[in-house]
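Below, read A as the first sequence line, B as the second, and so on, with proteins coming before strands; counting in each chain starts at 1. What's counted below: heavy atoms across the whole structure, side chains too, no hydrogens, waters or symmetry copies.
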There are 2 protein chains.
Amino acid sequence: MKSYLMENGVKVFRYGEPIETGIIQGKMTATELNADLEIEFKKNNSSINLLLSPEDIVYGLGANLGGINKRGRTYESYCTDDPSHTEDKTKLYGAHNFFIISGDVSRGYFIDYPSMIKYDVGFKKTDILNIEITDENFTIYIIDGKSPSEVTSKFLTIIGRAYIPPKWGFGYFQSRWGYKDKGEILDIYNSFKENDIPIDGIYLDLDYMENFKDFSISDERFSDFKEFVTDLKKEGLYLVPIIDAGVKVEPGYDVYEEGIKGDHFCKDINGDPYVAAVWPGKVHFPDFLKDETQHWFGSKYKLLTDAGIEGVWNDMNEPAIFYDTKALDEAIEYAIESKGKNLDIHSFFSLKDKFTNLANKDAYYKSFYHLLGDKTLSNDEVHNLYGFYMTKSANLGLTKLLENKRFLLISRASSIGMHRFGGMWTGDNSSWWSHLELNIKMMPSLNMCGFFYTGADTGGFGGNCSGELLTRWLQFSVFTPLLRNHSAIGCRNQEPFSFDEQVTKNSKNIIKVRYRLLPYIYSEYMKAVSQYELMFKPLAFEYGESLAKETEDQLLFGNELMLTPVHSANQKGRYVFLPEKMAEITLGSESLEVEIKSDKIHYMDYGLENIKFYLRKNSILPLVRPSQNVKNMDTSMMDVVAYVDEKAHYTLLDDDGITYDFEKGEKFVTNISIEWKKDDYEINVSNNNSSVKELNFKVIDSRGNMTVKKINL
Amino acid sequence: MKSYLMENGVKVFRYGEPIETGIIQGKMTATELNADLEIEFKKNNSSINLLLSPEDIVYGLGANLGGINKRGRTYESYCTDDPSHTEDKTKLYGAHNFFIISGDVSRGYFIDYPSMIKYDVGFKKTDILNIEITDENFTIYIIDGKSPSEVTSKFLTIIGRAYIPPKWGFGYFQSRWGYKDKGEILDIYNSFKENDIPIDGIYLDLDYMENFKDFSISDERFSDFKEFVTDLKKEGLYLVPIIDAGVKVEPGYDVYEEGIKGDHFCKDINGDPYVAAVWPGKVHFPDFLKDETQHWFGSKYKLLTDAGIEGVWNDMNEPAIFYDTKALDEAIEYAIESKGKNLDIHSFFSLKDKFTNLANKDAYYKSFYHLLGDKTLSNDEVHNLYGFYMTKSANLGLTKLLENKRFLLISRASSIGMHRFGGMWTGDNSSWWSHLELNIKMMPSLNMCGFFYTGADTGGFGGNCSGELLTRWLQFSVFTPLLRNHSAIGCRNQEPFSFDEQVTKNSKNIIKVRYRLLPYIYSEYMKAVSQYELMFKPLAFEYGESLAKETEDQLLFGNELMLTPVHSANQKGRYVFLPEKMAEITLGSESLEVEIKSDKIHYMDYGLENIKFYLRKNSILPLVRPSQNVKNMDTSMMDVVAYVDEKAHYTLLDDDGITYDFEKGEKFVTNISIEWKKDDYEINVSNNNSSVKELNFKVIDSRGNMTVKKINL
């Protein structure tokens with residue numbers, strides 16, 4: 001074991017010979033520490049026990065079930081494609097090994113290790129957080145701070161700045177597995193226009209491919225793809241096609257042939273390309289851990305960028321495996337042996353389980369190999385890096401192909417570290433109210449682990465959504481940077497116009513509010529990412545009240561807002577805890593109401609027709625008029641709502657939204673300050689390159705007095 | 001169609017030639033009605049559309065997912081064994097076709113029809129409740145009332161009085177699939193005694209049987225069963241064995257042989273006994289719809305009663321079918337054909353689904369037949385009566401065998417009508433917080449459908465329970481008449497002493513509170529059942545406030561209490577809505593605290609160590625000292641807590657708890673009245689046959705003044 005100090009004071013404990021994951025970006029100092037951790041090295045794993053006092057909250061662990069406070073459950077870090085996210089599941093698609101134990105002081109832990117880690121967060125024993133790491137080679141980073149915010153900031157700093165999508169990536173997106181051809185995509189888009197519902201893009205699921213082949217476009221269903229993409233883009237509508245991890249085994253298919261020729265595929269025990277079966281049947285998995293393979297696969301996105309595509313989603317990259325030939329053959333043999341027998345509970349379930357459990361078996365991940373530097377490692381040993389490096393590969397490719405143009409890139413599987421290369425969605429959720437609640441609770445945990453361009457499939461991917469659930473979900477997800485309504489084939493159609501008229505009307509209004517909020521959301525995104533702060537914060541990150549610590553369905557959003565979404569059926573409102581006096585904002589596509597609420601518990605009426613949230617004291621929120629898409633957004637005229645007793649300041653960050661020129665200082669900055677001076681507000685607006693010309697202010701004070709002012713620049 | 005009036009004003013609409021289900025007990029008058037319903041008779045079903053106004057609440061539908069208000073979902077009535085009760089499921093184990101549309105007026109509907117009914121309660125269209133009945137032969141009962149309470153009472157009256165268990169059935173019960181032998185049962189019982197945790201019985205799951213054969217007892221694991229049962233019963237501990245619906249096909253096995261000889265089994269299309277496979281492999285299903293079969297199967301319980309058993313649970317009586325030979329052979333053939341093929345998404349899932357979907361196929365239920373009177377009907381046509389008539393069979397048998405002694409009898413599958421013959425548990429739930437919430441919301445719906453002796457598996461059957469979840473669950477389920485902690489083999493042990501010391505301590509305290517409340521719970525049970533009133537009531541049944549109508553996690557219990565259980569993790573309390581001033585009661589095994597709370601919303605602190613609930617104004621709650629079991633309960637000394645401003649009255653009903661003599665008037669009645677007279681409370685207690693000798697009163701008034709008094713009789 002060796003221990004070091006990092007530049008920002010983070011302590012590093014390095015055990016054995018850890019695999020180089022490429023996650024940590026922060027700099028190590030030469031200072032060696034004379035310290036160790038209490039780790040029990042056992043035969044099959046390394047075990048760490050951390051004491052929890054009764055009042056401690058455990059934050060973090062990214063994409064996982066459970067609440068903001070992770071206590072009382074077990075978790076596993078092992079990227080897994082399991083679409084049934086029931087309460088008892090211990091792992092989802094991501095491996096996010098950062099958590100904070102927060103009590104009188106806060107201490108963060110990051111375990112840099114790419115295979116299975118198991119967490120028991122006070123489940124077996126209430127006061128013990130137990131961690132089991134599968135072997136004895138790993139690095140633990142310990143981050144101390146006075147508050148969880150401080151710890152989080154230090155951690156976000158050492159893992160490096162998160163991915164920044166183009167501004168159109170902050171629009172509303174529609175998606176469905178099952179939009180079968182160009183005609184249907186156009187119909188969907190036209191329905192948005194006819195219903196006057198803003199939209200910035202449509203995701204293309206597997207349906208656009210030829211026989212589920214990566215980097216192929218169905219001639220029959222998507223002929224003249226380039227023209228199609230280009231025409232839509234002119235109107236401001238982006239198509240975002242899917243790419244899977246597995247490459248179809250098919251002699252003559254260019255990607256397959258190149259992969260074989262370039263030795264790009266993971267190997268089996270015999271050194272032959274490993275065969276697994278996914279969508280197209282048999283596939284090989286590119287060995288994304290190899291630099292050459294990253295570059296090769298990344299370059300293949302050219303087929304899409306040549307057609308005008310500027311965004312993709314990487315899927316099935318845990319990697320998901322439906323079966324491998326050996327396991328399938330075994331199952332079939334078992335079935336043959338069972339023929340004619342009188343199977344009782346034991347023998348019957350043995351047979352059934354052979355087929356039911358074919359997907360994603362542990363054995364598969366132990367039976368194929370990567371080349372990392374000069375080491376051959378089983379996928380199991382580096383399992384959690386696969387989606388990360390696929391996304392890095394796409395990022396490298398797209399960066400080269402699109403030059404200075406930003407692109408939309410999200411992935412299903414992820415590890416911390418991937419956040420620098422792309423965003424993520426939270427995977428194949430369901431049209432369940434509990435998954436809306438999960439979406440709410442997961443957002444701060446994802447931010448803590450570096451993921452900012454993220455969100456859940458609004459309305460739920462699997463299952464049939466009700467109009468009420470879609471509406472309630474939108475009321476929350478209009479705040480998530482990634483806003484996508486996605487549903488599975490065979491389920492009820494989930495576009496905002498596929499329900500009652502009332503649902504269409506309400507959804508339209510709510511999505512338009514997203515576009516009203518977009519400058520603020522974009523500005524807060526850029527600040528969070530560049531200043532290493534959370535965009536979605538638990539109340540307890542800023543408020544010390546006991547109730548703040550256990551409130552899990554209210555979130556601070558940016559520095560100005562508190563969100564209080566409704567997440568259960570047949571409700572006309574919800575209980576809200578106000579840790580301090582706040583202004584309740586009711587926002588419609590054309591309307592804006594403000595009312596001061598006292599610092600106590602309330603029952604807030606919250607209907608389906610608009611958005612409600614809270615504006616904190618001495619805070620300013622800028623809004624624009626809703627537009628059909630980001631391209632057509634007009635920021636010359638703004639509404640500004642503010643709650644000011646003494647003084648408030650807001651810096652609205654903007655840029656071209658398209659290129660990386662903002663990194664060279666090409667920013668549009670609007671500074672707004674409001675101060676109460678004796679008998680009136682003094683408002684100052686400075687405009688640095690921004691297009692803002694006219695601002696209409698509504699300023700309220702704690703007594704509820706409203707001042708209306710207009711400022712022209 | 002013919003329409004009639006019932007004696008209590010219920011309207012009856014009889015379409016076609018309905019199957020005689022035996023559900024309705026109320027008397028028809030000779031009055032024919034000149035009325036009809038708007039029913040659309042289609043090719044494959046009969047369809048009814050009922051208009052819902054925005055404010056209407058839909059109550060009822062018994063054992064189903066969703067909330068107290070059933071709007072926004074679809075449901076199916078078709079008893080089904082599906083242990084994964086995720087939010088999207090449309091059917092559980094029961095078929096409870098009674099619901100109320102409650103707005104300015106309330107109207108109840110009961111559909112007397114024993115096969116599939118589908119409900120869309122404002123899911124596809126917000127304002128339409130659509131019902132699809134599979135054919136055109138059914139009876140609809142329409143019950144009008146000013147309030148949902150009035151409608152419910154009328155309905156409960158026409159379906160007849162609910163089953164009444166012995167008083168020991170109101171104790172705490174432990175259960176687990178996997179208690180392998182007598183030794184383990186004894187260990188469990190001894191641990192309860194060592195830990196001083198009250199218990200009245202242990203359920204025996206399949207483990208006690210010989211090769212899963214009904215009415216067999218493993219010689220190896222449960223030798224000298226009678227002695228075992230009798231010894232435990234002497235101490236007040238009852239064993240409650242399971243009986244399954246399917247009878248193992250095994251020549252020489254008496255139940256099988258008698259069934260064949262007596263022609264008691266359901267037939268296949270060729271007239272041979274139908275073969276399905278369940279736990280023991282191949283089984284036949286008794287045709288419980290035949291009187292002779294009911295009596296024959298009922299008489300078989302003698303094996304158990306002869307050993308001293310006084311309670312059983314009927315399981316797998318939807319009936320659950322793992323597979324039938326035809327479907328299994330087809331699946332195996334399909335597997336053989338798939339051998340060596342490169343299966344893509346479509347062909348692979350076709351194969352996998354062949355095995356995954358083997359259980360409980362629609363086709364099975366259409367391929368075996370019952371004899372009802374002189375009609376041969378497929379199980380599908382009378383599907384929902386199967387569990388009902390199995391339980392009726394057990395009831396008839398046990399009544400004959402045990403004579404005037406009451407017995408504990410519960411069933412997994414149920415239909416309205418079965419409530420007269422036995423109770424039910426809510427089936428194979430999971431150790432999920434959402435299933436605790438479901439338990440809370442389901443109780444009033446079950447009561448509305450006639451089920452009073454009911455409850456969920458506390459702590460959850462499947463999956464691993466946390467100590468916190470068990471504790472929170474107990475805090476609610478100590479109010480449910482059926483209180484059973486049950487868990488599945490392979491899951492974490494779930495006895496109150498299988499967790500932290502703190503969990504043991506808290507569980508003990510909470511279970512002891514159950515025993516303190518037992519006289520009240522028993523009294524309220526007897527009142528609810530005999531007066532056709534709900535024991536668990538939605539707030540909106542008594543309070544008109546808008547918030548009462550949408551509050552789904554607070555329940556009125558009896559006429560005196562309001563329950564406000566905590567049902568999420570890591571919470572120190574919860575929001576509570578008090579529609580009027582109430583007394584907050586904090587009850588431990590030895591402690592009792594009372595505090596007046598004003599009529600508004602509160603955040604209630606609710607720890608894990610005791611029970612909290614609310615006592616309504618001018619109400620009285622009697623309590624006893626906790627005992628080790630019901631047998632040892634001492635009712636001579638009572639604590640009485642009351643919240644009285646003017647006057648209050650409580651009638652405590654009691655009886656021997658063992659026989660049916662209460663039906664002949666053999667009741668023990670204690671009348672307690674408290675009245676504020678100028679400057680003191682006047683307390684009167686009359687004692688009719690009851691053993692109550694000493695009462696210690698704590699009476700609080702709205703200003704919080706406490707009066708303590710003792711009364712000796």
Side-chain angles (χ1 to χ4, degrees), chain A residues 66-67 69 71-74 84 86-88 123 125-126 212 277-282 322-323 328-329 331-332 335-336 338-339 342-345 348 351-352 354-356 358 430-434 462-464 466-469 500 502 546-547 550 552 568-572 575 577 601-603, chain B residues 66-67 69 71-74 84 86-88 123 125-126 212 277-282 322-323 328-329 331-332 335-336 338-339 342-345 348 351-352 354-356 358 430-434 462-464 466-469 500 502-503 546-547 550 552 568-572 575 577 601 603:
Chain A
N69 186 351
R71 288 187 78 153
R73 293 180 50 92
T74 63
S84 179
T86 51
E87 267 183 59
D88 51 304
F123 177 74
K125 293 184 179 171
T126 308
F212 313 119
V278 204
W279 288 85
K282 291 177 185 170
F322 291 167
Y323 64 91
L328 180 64
D329 286 351
I332 294 175
I336 293 170
S338 304
K339 208 179 156 179
N342 181 4
L343 307 177
D344 71 2
I345 175 82
F348 172 66
L351 169 61
K352 186 172 165 178
K354 282 268 184 288
F355 289 89
T356 310
L358 269 177
S430 300
S431 297
W432 296 348
W433 286 94
S434 59
N464 297 321
S466 72
E468 189 194 8
L469 176 56
D500 282 359
Q502 197 58 42
S546 161
L547 192 45
E550 58 188 288
E552 299 221 333
S568 37
N570 296 315
Q571 300 295 300
K572 292 183 178 167
Y575 291 101
F577 163 58
I601 59 172
H602 294 268
Y603 191 87
Chain B
N69 186 351
R71 288 187 78 152
R73 292 180 50 93
T74 62
S84 179
T86 51
E87 267 183 59
D88 51 302
F123 177 73
K125 293 184 181 172
T126 309
F212 313 119
V278 203
W279 288 84
K282 292 177 184 171
F322 291 167
Y323 64 90
L328 180 65
D329 287 349
I332 294 175
I336 293 169
S338 304
K339 207 178 158 181
N342 182 5
L343 306 177
D344 70 1
I345 175 82
F348 172 66
L351 169 61
K352 186 172 165 177
K354 283 268 184 288
F355 289 89
T356 310
L358 268 178
S430 299
S431 296
W432 297 349
W433 287 94
S434 59
N464 297 321
S466 72
E468 188 194 8
L469 176 57
D500 284 356
Q502 197 58 44
V503 177
S546 163
L547 193 45
E550 58 187 290
E552 298 222 335
S568 38
N570 296 315
Q571 300 295 300
K572 292 182 179 165
Y575 292 101
F577 164 58
I601 60 172
Y603 190 87

Top residue by heavy-atom pair count (under 4.5 Å) with chain B, among A:K572, A:Q502, A:K339?
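Max contact count across the listed options: A:K572.
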
Residue, of A:D344, A:V278, A:I336, A:T86, that accumulates the most heavy atom pairs under 4.5 Å with chain B
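Ranked by contacts with chain B, first place is A:D344.
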
Just by modelled atom types, is the [Y] backbone N or O under 3.5 Å from a matching donor or acceptor in the [X] side chain?
| X | Y | result |
| --- | --- | --- |
| A:R71 | A:T126 | yes |
| B:N342 | A:K282 | yes |
| A:E550 | B:N570 | no |

In terms of heavy-atom contacts, B:G72 and A:S466 come closest through O-CB, 3.9 Å

Shortest non-hydrogen contact between B:E552 and B:N69, atoms and distance
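Residues B:E552 and B:N69, closest heavy atoms: OE2-N, 2.7 Å.
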
Against chain A, work out which of [options] has the most heavy-atom pairs shorter than 4.5 Å and name it.
| options | value |
| --- | --- |
| B:S434, B:A277, B:S338 | B:S434 |
| B:V503, B:D88, B:D329 | B:D88 |
| B:T74, B:N464, B:L469 | B:N464 |

Min side-chain heavy-atom separation B:S430-A:E87 under 4.5 Å:
no

I'd like to check A:Y575 versus B:Y603 (side-chain heavy atoms, cut-off strictly below 4.5 Å). Are they in contact?
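A:Y575 vs B:Y603: side chains apart.
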
Using non-hydrogen atoms and a 4.5 Å limit, figure out which bit of [X] sits close to chain A: side chain, backbone, both or neither.
| X | answer |
| --- | --- |
| B:F123 | both |
| B:L328 | side chain |
| B:L358 | side chain |
| B:E468 | neither |

Examine whether an atom of [X] lies under 4.5 Å from a heavy atom of chain B, and if so say whether it belongs to the side chain, the backbone or both; otherwise answer neither.
| X | result |
| --- | --- |
| A:L343 | both |
| A:T356 | both |
| A:F212 | side chain |

Aromatic plane relationship, B:F322 with B:W279 - under 30° parallel, 30 to 60° tilted, over 60° perpendicular
tilted

